[in-house]
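Here the structure comes first, spelled out in structure tokens, and everything after it is commentary.
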There are 2 protein chains.
Amino acid sequence: MTDKLTGAAGRQYVADAIRHALRSGDLVPGQRLVENDLAESYGATRGAVREALQDLAAEEIVEIIPRRGARVRAVSVEEAIQITECRSVLEQLCARKAAERADGEQRAELSRIGTDMRQAVADGAWDAYSALNQRLHELVVEASGQEVARRHLERLNGPMVRFQFRLALRPGRPAQSLPQHLAIIDAVVGGDAPAAARAAAAHLDDVIDQLRASADPAPTRTPPRP
Amino acid sequence: MTDKLTGAAGRQYVADAIRHALRSGDLVPGQRLVENDLAESYGATRGAVREALQDLAAEEIVEIIPRRGARVRAVSVEEAIQITECRSVLEQLCARKAAERADGEQRAELSRIGTDMRQAVADGAWDAYSALNQRLHELVVEASGQEVARRHLERLNGPMVRFQFRLALRPGRPAQSLPQHLAIIDAVVGGDAPAAARAAAAHLDDVIDQLRASADPAPTRTPPRP
DNA sequence: ATCAACGAGATTGTTGACAAGATGTTCCGA
DNA sequence: TCGGAACATCTTGTCAACAATCTCGTTGAT
């Protein structure tokens, strides 16, 4: 039997575990996160759980109400749009700088991602496409050298997991986003900074349109409270 | 004797106190922040101080090294530039949206700030100008309705206090920034979204130039003397 | 004079128990 | 049946003491 996770180690572990549970649907928005239960199920001390919850609250993944505990935060479609607007301008910045500063290896990997993406869409390999998508955004940010933007983009993505899930599953979505991704790659690899910014903007504006479309056309209906 | 500050209240109070101490120069980058000392001098418990330090670390104002304590984080000029680049794109976004969505009262207050700023520069009232400047940026963000951008801009500004101080003191700086601020105001009040974004970009690009100038007084233009 | 080992004091990290507040349940009267 | 008062339980917040680790000055050997 391993020792209970404590302090910095447990904090990181529990926070990651909760993030993962959210991604995989084990935790749903609104759900209560009871310190003792989490401590028990992850084999950590309550102190470690408390600190992990503080971290997640700073990332706006959970919401802590004093004396009432933590719950998984619900993100409205409106907020998801605002988050994506912020992502848009920050990724434009990164794309622009990446087009200017990316080194040979980074441009080569971008090109490789482009061809792999085409292949993935042609094969209907959804999860491979999703992984390439993630790596693409990551690589553009990395190539830009904009550490500050990188950190903030990470934070922005935190609460979005649920929406990424919903959007990626829309039929025909990969076929729609592929040319947008390829445009970003071409501009960055070709060193055309303004085109890179435009391509990133076009891509994220399209994501925003998708989010708008995913909002219920009949918003007056109130869902039942659990 | 008042009771010791504890929990949420003390946490907020201590964090604010440290932020203020940084602004006023009582704390300098690199300085150690010892939990017991802070608890004593602010009349809070060590627990409250610990939590406040966690918050400040999340804002990247202090740096916590495990088992070694917290120090005031030093921000390099390079990082200040990156921060300002991010501010630039986010404030462009807000300016654009503010031009579209600001209500009558907000436009009126913006106009008032414009005339007050002219007056302040004419009078040499530097601190009044600085306050107006802050209010201007705040109001544009508020009028944009972009809550997510607002939160991230707040975070971005945290580590910048020191540089704002240095830049604002440069002689002739207010006279230089005044027309840029007026351009932002005119565009937002006039409802010209693209112009608002351009004006915000121009202003912050100028701030970046100032930061660069403050970094190396002898850039590559002047070769080293033999 | 230099350097490594040492140790006292300082500082952060952790724990477990308890206090304070919130939530849920039962039961009574109308 | 409904409302709500009284109680029991659950959950978070707080604290003080202790443990673990680091810092820095001292000492002694080379």
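All chains are named by letter (A, B, ...) in the order of the sequence lines, taking the proteins before the strands, and each is independently numbered beginning at 1. As a basis for the values below, the full set of heavy atoms in this structure was taken, side chains included, without hydrogen atoms, waters or symmetry mates.
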Using salt bridge (Lys or Arg N to Asp or Glu O under 4.0 Å) as the criterion, list what pairs up with [X], not counting sequence neighbours.
X        : value
B:Arg50  : B:Glu35
A:Glu78  : none
B:Glu109 : B:Arg135

B/S/- along nucleotides 12-24 of chain C (protein heavy atoms under 4.0 Å) is BBSS-B--BSSS-
Give the rounded distance in Å between these two atoms: CG of B:Leu38 and C1' of C:dT11.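 Distance check: B:Leu38 CG to C:dT11 C1' gives 12 Å.
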Salt bridge (charged side-chain N to carboxylate O under 4.0 Å, His left out) partners of residues 10-23 of chain A, not counting sequence neighbours, each pair once: A:Arg11-A:Glu51, A:Arg11-A:Asp55, A:Asp16-A:Arg19, A:Arg19-A:Glu59
Please identify each residue that fulfils ring-ring contact (aromatic ring centres under 6.0 Å, His included) with B:His152, with sequence neighbours left out. A:His152
First and last nucleotide of DNA chain D in contact with chain B, 5' to 3', at under 4.0 Å to a heavy atom: what are they? D:dT14 to D:dT23
The criterion is side-chain hydrogen bond (donor to acceptor under 3.5 Å, both in side chains); which residues satisfy it with A:Gln12, sequence neighbours excluded?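 Testing A:Gln12 for side-chain hydrogen bond (donor to acceptor under 3.5 Å, both in side chains), a comparison that skips the adjacent residues, returns none.
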Residue list, side-chain hydrogen bond (donor to acceptor under 3.5 Å, both in side chains) with B:Gln146, at least two apart or on another chain: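 side-chain hydrogen bond (donor to acceptor under 3.5 Å, both in side chains) list for B:Gln146, sorted by chain: A:Glu85.
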So, does B:Arg73 use its side chain to make a donor-acceptor pair with the main chain of B:Glu60 at under 3.5 Å? yes
